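Scroll down for the structure; my scribbles are underneath it.
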2 protein chains.
Amino acid sequence: MTRDLDQVFAALADPTRRAILTMLLEDDMAVTDVAEPFEMSLAAVSKHLGVLTAAGLISQEKHGRVKWCKLEPDALRAASVWMQGFGQFEPVNLDAFERFLATELPDASGGDR
Amino acid sequence: MTRDLDQVFAALADPTRRAILTMLLEDDMAVTDVAEPFEMSLAAVSKHLGVLTAAGLISQEKHGRVKWCKLEPDALRAASVWMQGFGQFEPVNLDAFERFLATELPDASGGDR
DNA sequence: AGCTTATTCAACCATCTGGTTGACGATTAT
DNA sequence: ATAATCGTCAACCAGATGGTTGAATAAGCT
């Protein structure tokens, strides 16, 4: 639905939120830990997490007093598919991307936590 | 650059602008013709086209008194590659991923005369 | 020259966004 | 019981966004 795409793209338009997604790529995190590297209030980060949740890009689950944030890549896939509709831009970069995967993935499996 | 992604994703977050991009997929169009199917003023559509141009998603070229709008898929490529990172990865070397993005996305906004 | 078409500009408006601070409910630790 | 921690809520603010209208610029037509 077009409404979903609105939310997903709007969520991705903020660098703080993209950074959060990148962090969550490594591991699930508590809200406080997500907020730690950013130079803004915890409330501000909490709002960003709300936007990401509303867009379906992450999910949040409360365990005790800690709320865990988890990446939900499916929402990104919808947006990705929309962009694929524009086709035409596959050749160069996806090749390079595959090479990147081939060279970097093995190393990542033993990476730092 | 992360600034470019901000603009591209923000531009894509509006359904009118996505519709415009879809129209331009078929063919280049003049501003007035782009505006025709929308129930808003020509000035509003002109602003949307300005946003798309600033994001590098389209280019505009004036011929006589008509300004032609043309899809520029390169800017989409940057965003697409960024998103690919989330669908395909499990835990991964993010520093390397950032380096990959830096080298593979030279200057997507290069069309700015 | 004078009218028409194409597009933007400028001012304005309502709403959204991203941030702040301080208070608050809930949970855990002492 | 009291205190500390986790996270959100509410109110507020400045600035961006998406729309309007009317005037202005520029090019083509007759």
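Residue numbers start from 1 in every chain, and the chains themselves are labelled A, B, ... in the order their sequence lines are given, proteins ahead of strands. None of the values given here were measured: they were computed from a predicted structure.
Picking from dT8(D), dT20(D), dT8(C) the nucleotide with the shortest atom distance to the side chain of Leu42(B) gives dT8(C). Residue Ala44(B) has its side chain nearest to dG19(D) when only dG7(D), dG18(D), dG19(D) are considered. Listed candidates were dG19(D), dG18(C), dG19(C). Nearest to the side chain of Arg17(A) is dG18(C). When distances run from any side-chain atom of Ala43(A) to the nucleotides dC9(D), dG18(D), dT8(C), the shortest one goes to dC9(D). Distances from the side chain of Lys47(A) to the nucleotides dT5(D), dG18(C), dT20(D) place dG18(C) closest.
Of the possible donor and acceptor atoms, none in the side chain of Ser46(A) sits under 3.5 Å from a partner among the backbone N and O of Leu42(A). Looking at Arg17(A), its side chain never comes within 3.5 Å of a backbone N or O of Leu12(A) through a donor-acceptor pair.
For His48(B) and dT17(D), the NE2 to P distance is 12 Å, given to the nearest whole Å. For Met40(A) and dA14(D), the CE to C1' distance is 16 Å, given to the nearest whole Å. In this structure, Gln7(B) atom CD and dT17(D) atom C1' are separated by 14 Å, rounded to whole Å. The distance between atom CG of Asp14(A) and atom C1' of dG15(D), rounded to the nearest whole Å, is 14 Å. The nearest whole Å value for the distance from the CD1 atom in Ile58(B) to the C1' atom in dT7(C) is 14 Å. Between the CH2 atom of Trp68(B) and the P atom of dT8(C) there is a distance of 14 Å, given to the nearest Å. Straight-line distance from the CG atom of Asp6(B) to the P atom of dT17(C): 15 Å, rounded to whole Å. Atom CD of Glu36(B) and atom C1' of dA6(C) are 15 Å apart (whole Å).
In this model, a side-chain donor or acceptor of Arg65(A) finds a partner on the base of dT5(D) within 3.5 Å.
An OP1 or OP2 oxygen of dT20(C) is reached within less than 4.0 angstrom by a side-chain nitrogen or oxygen of Ser41(A).
Note: Met83(A) CE to Leu21(B) CG = 10.5 Å, rounded to the nearest 0.5 Å.
Each of Lys67(A) and Val66(B) has a nearest nucleotide on DNA chain D; the 5'-most of these lies closest to Lys67(A). Mapping Glu39(A) and His63(A) onto DNA chain C by nearest heavy atom places Glu39(A) at the nucleotide closer to the 5' end. The residue among Ala13(A) and Lys62(A) whose nearest nucleotide of DNA chain C is located toward the 5' end is Ala13(A).
The shortest distance between side-chain heavy atoms of Leu52(B) and Glu72(B) does not fall below 4.5 Å. Using a 4.5 Å cut-off on side-chain heavy atoms (C-beta onward), Phe9(B) and Arg18(A) make contact.
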